[in-house]
Amino acid sequence: MTASIFAKECLILDTNCLINLSASKEIINVLRCIPCLCAVSRYVLKQEMLSHDLQPCIEQGLLLIEKPLPHEAVTIVQIHNEENFPEPTLGAGEIETIALAAHRGWVVATDDIRAKKRLGARFPSVGFLSTPELMKYWADYTHASDISIKKALEQISLVGNYVVGSNHSLYTWWNSWF
Amino acid sequence: MNMNPVDSFDPRLLGEELRRSRRQRGLRQEDVAKLINVSRTTIVAIEQGERRVKAEELVELAYVYGKSVSEFLRPRRVMMPLNAAQFRGPTVQEEKHQEEIAVSISIFEDLCGRYLELSQLLKITESKRYPPPYQRSGRNLDAEAEGLALSERNRLGLGDGPLPPIRDILEQDVGIKVFFIPMRPGNLSGIYHFSDELGACIAINSNHGEDRRRWTMCHDYCHFLADRYEPTVLIEDGYQRKPASERFADLFPKHILLPSSSVTQRFNEIYSEQNAMTFGGLCTLAHRFGVSVEAITRRLEDLKLMKAGAWERLKDRNPSIRKTQEELGLEPLSGRDSIFPVKYHRMAYDAYRQGKISEEQLASYLHVGQAEARKQLHAMEHGSDFIVDDEEGFGSRGGLPQ
């Protein structure tokens, strides 16, 4: 499943996944093993002040910074107008990330169920991945040692304060490392 | 599909919102024009509503202003009578300061709007059990302020001793929403506003020290009690002639923070120990009541426990208050200084836990990054030994501490 989804041209990462990968201290290795381009929206990068943590990935060409084109901006404004009314429920970074993916046929890496549910329904062609799937792909692909996997997942849990949902398909795999 | 969705919005209102955001960021029109690669006249025309903003321009502007596009598209939820609030208060302000005051008011308005959004998202209707507004007779303002302070202390069961954190009293017992905002100019201490939807809201300049913030909160508390429906901006030395409402609000803090009975009692205790009121004694007394040394000294003069002009004489000697407090082992006054009221934080977490908002939106409501929002969520729930799975199983955690 994960491998087939990488057949897409690019994987665009949302903030919550980037926070987790950054916390794992294995972000460079994770991005390096992903068999397609990886990108982050300019808004996400600025908003989360992740540029410091992500700078090595950007410098090594592992992470591209993307901004919307005019026709994509129209979609972004439409989503804001329709999904965030009367009260805002989705973040601007999430909306920009998914709008870019929808227009460009990319895959989105996000852990946010609300964003996935609302925007996934709106753009059924967009594929989604999550932190556990990315980490498992990295673990399998690189044959990482048990110690490395355990340490990386612990970092995500402790530093990133991430908790995998009990309905997630990799819930058991994830928790087997703790 | 590619129709400009912005076309359905009133360009004048949209332009006004864009202008507010630019001013909040302290940017000039030419700065913004350069940043988004258009001419300055385009920005002028957009802000004046003479030219419709294109979708890509709106996305760029939101990026530059650090805001979400949604913030420009939704009608503003709290409309403060800006001019009334701004000009009813200060009368001797420079033009630059008037601009800064306007920006501070608009930030306060945005925060109130965020509060209202969360209430509506959670369908919370707050019952506002406010005391009836106090009617000033105006015959003896000082005596009236003292009477009102005593009556509030009695109503809230506060006794006559030093008050616990004022912000908590105002938020939890009185029902006022208190926001701490870094405001400019530096002599802008607080803003008071009342609306039917939100009730009473106060913005306090978070750049000020805790003793001054406590004083300002009490000042604005008085506006709530006596001039509830009039928005007010408190600027130190901002008046050529103060109206009665301001003079009354100026008198109220010393009575509520420094009641004559307990101040006299504590003064006598210290005096009898030292056979004099030393500077260290004043620092101790000030610290005990959570006010500045100036405030306690003036109050002691007021109560005729010290000679008139004591503060002026003391000030001439330029004593180091902080150093003396350190030598006496008195910690700097501290209080909760988060931007939002406690209840706002709870509502934001509740909205997230109920799956009504995304994690990014939670961070946006809390004015922190997403990593920090997660950290705060984790900290709030630390110690709870259960995990609540919502229908989607995204690992939301247990209840908030009560």
Side-chain angles (χ1 to χ4, degrees), chain A residues 14-16 18-20 22-23 42-44 46-50 53 67-97 99 110-118 158-168 171, chain B residues 1-6 8-9 54-60 62-63 66-75 77 114 116-122 351-352 355-365 369-379 387 389-397:
Chain A
D14 192 14
T15 314
N16 39 47
L18 284 167
I19 291 171
N20 290 340
S22 185
R42 176 191 61 157
Y43 192 97
V44 163
K46 177 186 177 186
Q47 174 203 33
E48 270 302 305
M49 290 178 286
L50 284 163
D53 290 348
K67 63 180 272 192
L69 298 168
H71 65 289
E72 293 165 339
V74 171
T75 304
I76 289 170
V77 175
Q78 276 170 342
I79 300 173
H80 274 283
N81 188 29
E82 288 159 26
E83 296 290 340
N84 276 354
F85 188 84
E87 285 85 27
T89 60
L90 295 172
E94 292 157 346
I95 290 174
E96 186 162 300
T97 298
T110 183
D111 296 307
D112 196 287
I113 297 295
R114 181 166 182 87
K116 201 167 152 179
K117 187 179 170 188
R118 300 290 304 179
L158 296 172
V159 179
N161 291 300
Y162 172 73
V163 181
V164 66
S166 60
N167 288 350
H168 196 287
Y171 178 80
Chain B
M1 176 67 185
N2 283 335
M3 188 194 119
N4 184 358
V6 187
S8 56
F9 292 87
K54 295 175 187 167
E56 65 263 33
E57 290 166 343
L58 187 60
V59 170
E60 286 296 302
Y63 176 74
K67 291 203 165 191
S68 166
V69 168
S70 310
E71 292 179 59
F72 302 113
L73 303 181
R74 289 192 307 275
R77 309 302 280 268
R114 299 294 270 169
L116 198 56
E117 280 171 8
L118 276 176
S119 307
Q120 293 178 345
L121 198 59
L122 292 167
Y352 175 69
K356 291 184 188 292
I357 57 173
S358 67
E359 187 180 273
E360 187 185 335
Q361 196 52 245
L362 170 69
S364 163
Y365 271 118
Q370 233 167 292
E372 178 59 26
R374 264 192 217 175
K375 202 168 141 190
Q376 287 184 16
L377 187 67
H378 184 79
I387 291 182
D389 272 330
D390 63 6
E391 57 182 68
E392 292 155 330
F394 64 108
S396 58
R397 291 105 158 176

Problem set entry | Residues A/Arg42, B/Glu60: salt bridge by 4.0 Å N-O rule |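 Yes.
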Exercise. Is B/Arg74 salt-bridged to B/Glu117, cutoff N-O under 4.0 Å?
Worked result: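 Salt bridge: yes.
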Taking the side chain as every heavy atom from C-beta outward, state whether [X] and [Y] have any pair of such atoms under 4.5 Å apart.
| X | Y | answer |
| --- | --- | --- |
| A/Pro88 | B/Glu71 | no |
| A/Thr97 | A/Thr110 | no |
| A/Glu94 | A/Asp112 | yes |
| B/Leu377 | A/Asn161 | no |
| A/Asn20 | B/Arg374 | yes |

For this session: Quick one: which of A/Val159, A/Asn84, A/Ile79, A/Ile95 has the most heavy-atom pairs under 4.5 Å with chain B, could you say?
Result: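 Highest number of pairs under 4.5 Å: A/Asn84.
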For this session: Using a cut-off of under 4.5 Å on heavy-atom pairs, state which of B/Val69, B/Val59, B/Leu73 scores highest against chain A.
Result: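 Most heavy-atom pairs under 4.5 Å with chain A: B/Val69.
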Which answer fits [X], side chain, backbone, both or neither, if we ask what part of it has an atom under 4.5 Å from a heavy atom of chain B?
| X | result |
| --- | --- |
| A/Leu90 | both |
| A/Arg118 | neither |
| A/Lys67 | side chain |
| A/Pro68 | side chain |
| A/Glu96 | side chain |

What part of [X] gets within 4.5 angstrom of chain A, counting heavy atoms only: side chain, backbone, both, or neither?
| X | answer |
| --- | --- |
| B/Lys375 | both |
| B/Lys54 | neither |
| B/Phe72 | neither |
| B/Leu121 | both |

Exercise. Shortest non-hydrogen contact from A/Leu18 to A/Val44?
Worked result: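 What the structure gives for the nearest pair is CD1-CG1, 4.0 Å.
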